[in-house]
Amino acid sequence: MLKPLARALAACVVLAALPAGAQAPAPSGPPPAATVAGPAEGLAWRGFQACLAIARGVPLDKAAAEAGFLKDATGWVAEIGERTLTLELATPPSPPGAKGCVVVSRGPLAAHAGFNKRVAAWAAREGFAAPQSGVTAGGGQTEQYAVPDGSRVVVVARYPDTGQPRQPARSLLFVGWTAP
């Protein structure tokens, strides 16, 4: 079951990452570095927790609002400093019944290491296998965690700055699961 969900995840990561840059303009002006990493990491963590709640059956609107996201014309969005985060549901092409939740964080990658450590610690506590590293077609560096039966997968992908305002540096978190 892990292979089909992993393939579906890769498709979702690519699909979610490519149009994500077009959804929000790059913010201007750098904020003080000391004020961004902590709050931005906390907001990303709340987005991750919202995805976990959605996996347990909580509606997207409720989970996103409780995580601090606001609904606008483009969907569920949260901004802090140079970061813009979006939260959305994804439907992988396979396996049947699979679902997913995606959090995209646009902005500098320097402070994303703290978030990655939090996800790794959570995955270890929850019985996920050691992460598998990889590279996406778009050049993103990935860490993929999965439970032994493949029914739950978490991927953190970090994309470098492309030099194009529509595709700034960003991290993408995908939480995927199959129906019980």
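Numbering starts at 1 and runs along the sequence shown.
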**Q** Shortest non-hydrogen contact from Ala64 to Trp76?
**A**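 Answer, listing the atom of Ala64 first, then Trp76: CB-CD2, 3.4 Å.
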**Q** Say you draw a straight line from CG of Leu172 to CZ of Arg106; how long is it, rounded to the nearest 0.5 Å?
**A**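 Rounded to the nearest 0.5 Å, the CG-CZ separation comes to 9.0 Å.
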**Q** Shortest non-hydrogen contact from Arg170 to Pro160?
**A**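 Closest approach of Arg170 to Pro160: NH1-O, 4.3 Å.
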**Q** With a 4.5 Å limit on heavy-atom distance, are the side chains of Trp177 and Ile54 in contact?
**A**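 Of all side-chain heavy-atom pairs linking Ile54 with Trp177, at least one is under 4.5 Å.
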**Q** Return the CZ to CZ distance between Phe115 and Phe48, rounded to the nearest 0.5 Å.
**A**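 Between Phe115 CZ and Phe48 CZ, I get 6.5 Å after rounding to 0.5 Å.
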**Q** Do Val58 and Val103 land in one hydrophobic cluster if side-chain heavy atoms of ILVMFWY residues count as linked below 4.5 Å?
**A**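 Each belongs to a different hydrophobic cluster.
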**Q** For Glu41 versus Arg118, what's the shortest heavy-atom pair and its separation?
**A**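 Closest heavy-atom pair between Glu41 and Arg118: OE2-CD, 3.0 Å.
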**Q** Kindly write out the residues that satisfy side chain to side chain contact (heavy atoms under 4.5 Å, CB included) with Ala120, not counting sequence neighbours, or none if the list is empty.
**A**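 So Ala120 forms a side chain to side chain contact (heavy atoms under 4.5 Å, CB included) with Tyr145.
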**Q** Applying disulfide (SG to SG under 2.5 Å) as the test, list every pair that has at least one member in residues 65-105; sequence neighbours left out.
**A**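 For residues 65-105, and leaving out neighbouring residues, the disulfide (SG to SG under 2.5 Å) pairs sorted by first residue read Cys51-Cys101.
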**Q** Is Val153 close to Gln144 at the side-chain level, that is, under 4.5 Å between some pair of heavy atoms?
**A**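 Result yes, sub-4.5 Å side-chain heavy-atom pair found.
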**Q** Set out, in order, the CA-CA distance, both residues' side-chain angles and the distance that settles side-chain contact (heavy atoms from CB on, under 4.5 Å) for Val154 and Val119, then state yes or no.
**A** CA-CA 9 Å; Val154 174; Val119 171; 3.9 Å; yes
**Q** What closest approach, in Å, do Val102 and Ala90 show between heavy atoms, and which atom pair accounts for it?
**A**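 Minimum heavy-atom contact is CG2-CB, 3.9 Å.
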**Q** With sequence neighbours left out, write down each residue that passes side chain to side chain contact (heavy atoms under 4.5 Å, CB included) with Ala50, or none if nothing qualifies.
**A**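 Scan of Ala50 (side chain to side chain contact (heavy atoms under 4.5 Å, CB included), adjacent residues dropped) gives Ala63, Ala67, Leu87.
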**Q** CG/Leu173 to CG/Leu85 distance, rounded to the nearest 0.5 angstrom?
**A**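 Between atom CG of Leu173 and atom CG of Leu85 there are 10.0 Å.
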**Q** Distance check, rounded to the nearest 0.5 Å: Leu89 atom CG versus Leu60 atom CG?
**A**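 Rounded to the nearest 0.5 Å, the CG-CG separation comes to 4.5 Å.
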**Q** Does Gly134 offer a backbone N or O that forms a donor-acceptor pair with the side chain of Thr142 under 3.5 Å?
**A**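 Side chain of Thr142 to backbone of Gly134, a donor-acceptor pair under 3.5 Å: yes, one is there.
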**Q** Of all heavy-atom pairs between Ser171 and Arg158, which one has the smallest distance, and what is that distance?
**A**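 Looking at all heavy atoms of both residues, the shortest contact is OG-CG, 3.4 Å.
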**Q** With Glu66, which residues qualify under side chain to side chain contact (heavy atoms under 4.5 Å, CB included), at least two apart?
**A**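 Side chain to side chain contact (heavy atoms under 4.5 Å, CB included) check on Glu66 returns Lys62.
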**Q** So, for Ala98 and Pro92, which heavy atoms are closest and what is the spacing to 0.1 Å?
**A**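 Ala98 and Pro92 have their closest heavy atoms at O-CD, 3.7 Å.
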**Q** Mind checking the CG-CD spacing from Asn116 to Gln141? Nearest 0.5 Å is all I need.
**A**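 Between Asn116 CG and Gln141 CD, I get 11.0 Å after rounding to 0.5 Å.
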